[in-house]
Amino acid sequence: MSRLRLVPPVDSPERAAALSTHFAGDDFALIAGIRRGDGAAARAFFERYHGMVERTLVRILGFDSELADTIQETFVRAFNSTHLLRDPQALASWLIQIAVCAARDLIRKRRRRWWLQLFSGRDDTAEQQDSAGTDTELDLEAREALRGAQAILDGLPVDERLAFSLRRFEGMELKEVALACKCSLATIKRRLGRAEIHFSAEVPRYPALEKWLAEKGGEET
Amino acid sequence: MSRLAGLGRHIAELQDRKLGEIQRHSTAVPESIGEQLLSKSRQRRRRRRLVVGASLAVVLAVGSLTAVNRLMPHDQATVAAVHAEAGQRVTASLLDISVSFEDGSAAVLSSGSVLRTEMVGPASASLRLERGQVRVHVIHAPTTQYAVHAGPYTVAVTGTRFRVNWGPDKGAFAVGVDEGSVRVSGGLLTEPVDILPGQSISLEQGRESLGHAALAGALAGAPAAMAPAPASENEPLAPTESPPASAEPATTAHRPVARHVAATTWRQQAEAGHYREAMQEAERRGFDGICREASGPELLNLAEAARYTGQTGRAEQALKAVRARFGHTDEAALSAYLLGRIAAEVRHDYSGAADWFRSYLVARPDGRLSREAEGRLLESLAFMDRSTARKAARKYLEHYPSGPHAAFARNLLGP
């Protein structure tokens, strides 16, 4: 997962030529194009927002083995629900809502399977941790700390995990988090409060993370 | 909580650094990505309309068509590629995903498939197809050694181009070779069988369809007959989720697929994540009766379904039935562990939880979950009696000085 990349397709020259017309236009034109089934508009939409969706999902899921799939899932859901988008100016926040929803579904699906995984010796949580563990670009302490953070997030109820990841990792404002999670500001505050208490209580179990909290946490004013 | 903000920002910086690395190694977005995503979107809309508007029979038909379609070879472009590393689990839900290896070999995972990379070496790999289809191209070299495992089957390769299908629900397995040769073993085969270019083999619990006469002798059980091999790569292997059309009664070796048809149904529903339906059917059939009759693994599935529909009492009942009926098995030990987790996490009965975790540790002192059970025992004891918890902490640190609960144990012991 650590070296996920997009690769060129092996298409027929005719098809490639037919698709090579690049789409030009603002978000409003983009959405109109997608509603018409215009492949160039869909591609432009993917190119324009792929990075934002990927970053949001990484904040929630980490470098997960199903990250690529969840990105694709987000775009397919988005293309299926463009009729629900009333204001194209709100396109980015609408897309983040869909990405958050796709991440939530993935986490819930995994949790539903956890007993079977225990029985069969599989553990998706371990996979996520392994993906941090095999990353050669980060030093040992960073890997340990990331693994610890991921383990704590895995132990949180999904809605609290979403609130915490978006607020503390992505740095969203509370109102933005509430919008992304489709709930009220008060609900987000409650969820975030519970998540922070849990996270802080769990940090001492992971020495590298505890050290980071002491060092990096102190940088906050 | 401002310290958490600083920590979160630092974690985000590291994630961004890694994302930047990934993007630096990326090539251009494929021209057809928009078309492919739109096409998937249209398929999903069509399926949704059918499901909403059709009768149950139509829905079932669509489901089986979808299952067959998922297992057919795709010639569409792959959208994402993953560089193989050991221990990965690659899932291709929507579009094909290509897994590439150091020696130039590649495995293209069809949409709807899951592949695990168990071992990856310079010219070798051990892959496990959990479900669906993988098309593999192995570059031949003197030291090349690749193996694809699918359920009980193993396909050993030194250099070739072939496809493997695996449908775990029915134990349906198929291999088709386009170049080179592969050696298939395990499962219904009593001895290894070589498959040559143009040949294929498809095996399913309860029926076998063979593309090679020499295979007949290698089959465990009833005699089997010939079946034509697919003519080309784009022609599907015998559909692994539905009986092959060529399967005559004479070619069918009847094997025990399941002892209780109804039990298999709720089990399948549970495995598919349809917990409410699984529980409804189990209740209709008689939950108490199932607890008396079902096998250990079936009861574990039932317990899972119960838990996820919020029926903790039923989950405990199923797990206790496993304990009572299969006293010394792995399932019984696992049930003790799971009962401990329910007691701690749902009931907040830490004394009961400690007893269950101890039961697991007595039954499986060196079991797969021993470290976790000992850690959770420690957590439960910490809620009750600090002095007992400290003793358990010392024991935990003796056994697992760098285990996941080691820091917690050290905290309990103090400076």
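A, B, ... follow the sequence lines: proteins, then strands. Residue 1 opens every chain. Quantities reported herein were computed from a predicted structural model and do not represent experimental measurements.
- Salt-bridge annotation for A/Glu196 and A/Arg191: absent, with no side-chain N of the basic residue lying under 4.0 Å from a carboxylate O of the acidic one.
- Heavy-atom pairs under 4.5 Å with chain A peak, among B/Ser41, B/Gly8, B/Ala12, at B/Ser41.
- Using a 4.5 Å cut-off between heavy atoms, A/Phe75 touches chain B through its side chain atoms alone.
- Here A/Ala103 pairs with A/Leu57, A/Ile60, A/Leu61 under the side-chain contact (heavy atoms from CB on, under 4.5 Å) rule; sequence neighbours left out.
- Heavy-atom distances place the side chain of A/Phe199, and not its backbone, under 4.5 Å from chain B.
- Looking at residues two or more places apart in sequence or on another chain, you find a side-chain contact (heavy atoms from CB on, under 4.5 Å) between B/Ser39 and B/Arg42, B/Gln43.
- Taking the six-membered ring where the residue is Trp, the centroids of A/Phe164 and A/Phe169 are separated by under 6.0 Å.
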